Each structure stands twice: as structure tokens, then as C-alpha cells.
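Here is the structure we will look at.
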Protein chains: 2
Amino acid sequence: MAGELALPDGVRSTTQRLAVLRAVAESTGSFTVAELHDRARRFEPRLGLATTYRTVELLRSTGGVHPLLGEGRPTYVRCRPEHHHHLVCTSCGGVEETELCAAPSESELQRRHGFRPAAHELDIYGTCRRCA
Amino acid sequence: MAGELALPDGVRSTTQRLAVLRAVAESTGSFTVAELHDRARRFEPRLGLATTYRTVELLRSTGGVHPLLGEGRPTYVRCRPEHHHHLVCTSCGGVEETELCAAPSESELQRRHGFRPAAHELDIYGTCRRCA
DNA sequence: ATAACTGCAAACGGTTTGCAAGTCT
DNA sequence: AGACTTGCAAACCGTTTGCAGTTAT
């Protein structure tokens, strides 16, 4: 599968970045940068917070993580390269991915609004199976 | 039409809050709190920035404004109570509303994910008519 | 060898908060 | 009158940045 969670081309592979990568890879829900930093430190205790910020930005630029619309502090979720959307549980904070999608078609957006869509973001908020 | 842009019940109607309300009402696209503050000051020059923050939070709690997924600083858009989504122009920053929506059905989410949706958020990014 | 990367700590900037004064009901 | 609201300015806190030392290539 092309495009699995990885660093952008041309950047160096360091233990710090790999630690952040592992922490993202094992994440099951949404996380803040600080939380990610804490978890990544289990792999690389000397990891600095600034480096975590810098790495998150790297991953965001390649689509490896994705910012969520948050009430409070900015949160992220791991983001697989396939097209998908997020099911955000408002009870436990967990995030599932789903490939279900039915966004308005490009032709309809063109016809109705003269708008040419490039990307879209669908987050569904509700209650997950466990919290039901 | 019930639920036009308004303050929550029980809070006092002050010139400051009305000024912020007017600034939101006349907004045509996305805005940051600081921008909103500048515009609201045209109606109430003595308006403090902290009050603008407090009022935006009030409006957010009632759905009168809606935070957008931003790269940079947090931005908001005015949000009418009817169901709708946003067409965000990545060129000029303008935001249109659209009633076009085709989110996954509740039954399909239940069946496939055991997820009970309460709300969803669809923002479409692309190029608007004028910027095309 | 050398350009990229990191940790540290300071700087930054947006947001929140405490409080005394003012205002709506 | 009394509770709510405001402006101000300080405090707060998440994020960014400069820089000297370190590391991947």
C-alpha cells in the first residue's frame, strides 16, 4: 500500500522523528501535540517538545496527520492516505475512520455555486459503539 | 424563521454584544476574533477585545458562529441555524454556505460502525466562482 | 565534510482572568 | 438594589524561534 505513514522525501530519518512516527502509528484516537510528545518519549526519552511540534508539522504537510475541529486545544488524528472521514465520539474522544462518504458531486457544486472543490473534510460527531 | 442570529436566553443585551452580533451578521466570509473585533468597533468603539472573545464564545455555544479548520489562527464563520455546509475558497478566504449535503445515513453508520451520529461537519475547500 | 537536525530556553502572541467600575433589569 | 457585564492589564500557556552543539548522509 503506497503512502503508509512516513516522513516526507528528502528529510533525514532520525530517532526523534521515528519516535514521533511510532507514537502516531499506535494512536487510536485524537491527540494533542503534548500528549503525542509524552507517548513518543517512551521511545526516545530525550525528545524535545519543539521537535515534536516540528515533526507534527512535517506529518501534517504530507497528510500523515490531520487536524480536527476542536473546542479546546488543537488536536490531531492519524490519517491514512486513502480517502476517508472521521467518526468522533463525543463521549470518549475516540476517533474511527470510515470510508463512507457522499459529499456533493463536483458537477453539482459547479452548477449550483460555481465552486470548484479541491478537497473536503467530513467529521461526524456522535456516540461510538462502546459508549452507546 | 426561528433561531436567527441571536444571543442565548438569559444573557443581557448590551451595546457591546449587539455590536459583535452586527459584525457577525454582516460578515461574508471567515474571520478571526481580532478581525471581528475591529469590525465591531465601528459600532461600539469602546469595545474591548476580551469582550469580543467572551461574546464569540457565547455565540459558539448557541451555534451562531462555527469554527473552521484552519492552518493558522482559529477562524470562524457565521452559521445559520438551518442545516448547511461551507464552501471555503482557499484563494480569497471567502466562505459560502450550501444546503447541498449527502452525508452517510444514520442506518449505514450504525450498521457498518455501530456509531450513532449526532451532528456532522462538512467543509469543502476549493476555488470560488470569482477566483476561478 | 557539511547541511540538516535537535534540545534548550527565551521570546512570542493569542486567549483568559481578576478586579474595580459601570450597566442592564 | 443587585447581579451581570465590561475594560483594562496582567497572567497564562501553547507554539515558535535563535543558537550552539550534535548527527545523518
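These figures come from a predicted structure and were not determined experimentally. Below, read A as the first sequence line, B as the second, and so on, with proteins coming before strands; counting in each chain starts at 1.
- Checking the phosphate oxygens (OP1, OP2) of C:dC5, a side-chain nitrogen or oxygen of A:Arg17 falls inside 4.0 Å.
- Scanning both residues, A:Ile124 and B:Pro117, for their nearest heavy atoms gives CG2-CB, 3.7 Å.
- Here C:dA4 presents its P atom at 13 Å from CG of A:Leu58, a figure rounded to the nearest Å.
- Taking atom CG of B:Leu49 as the reference point, atom P of D:dA9 lies 13 Å away to the nearest angstrom.
- When distances run from any side-chain atom of B:Thr51 to the nucleotides C:dT25, C:dC8, D:dT6, the shortest one goes to D:dT6.
- Side-chain contact between A:Val24 and A:Val56: absent, with no pair of heavy atoms (C-beta onward) separated by less than 4.5 Å.
- Between B:Leu100 and B:His85, the shortest heavy-atom distance links the atoms O-CD2, 3.7 Å.
- For D:dC4, the base has a donor-acceptor partner in the side chain of B:Arg12 [N/O atoms by modelled type, under 3.5 angstrom].
- B:Leu47 has its CG atom 10 Å from the P atom of D:dC8, to the nearest Å.
- OP1 or OP2 of D:dG7 lies within a sub-4.0 Å distance of a side-chain N or O belonging to B:Gln16.
- If you take OH of B:Tyr76 and C1' of C:dG14, they are 11 Å apart, rounded to a whole angstrom.
- Taking atom CZ on A:Arg41 and atom P on C:dT6, their separation rounds to 14 Å, with Å as the unit.
- C:dG7 atom P lies 8 Å from atom NE2 of A:His37, rounded to whole Å.
- The distance between atom CG of A:Leu7 and atom P of C:dT6, rounded to the nearest whole Å, is 9 Å.
- When the side-chain nitrogen and oxygen atoms of B:Thr14 are compared with OP1 and OP2 of D:dT6, one or more of them lie within a distance under 4.0 Å.
- Side-chain atoms of A:Arg54 and base atoms of C:dG7 include a donor and an acceptor less than 3.5 Å apart.
- If you check every strand for non-hydrogen atoms under 4.0 Å, A:Thr32 touches nothing.
- Hydrophobic clustering, with ILVMFWY side chains joined whenever heavy atoms are under 4.5 angstrom apart, keeps A:Val65 apart from A:Phe43.
- Toward the 5' end of DNA chain C, the nearer of the two residues B:Ser13 and B:Ala34, judged by each one's closest nucleotide, is B:Ala34.
- If you take CD of B:Glu44 and P of C:dC24, they are 10 Å apart, rounded to a whole angstrom.
- A:Arg39 places a side-chain heavy atom less than 4.5 Å from the side chain of A:Ser27.
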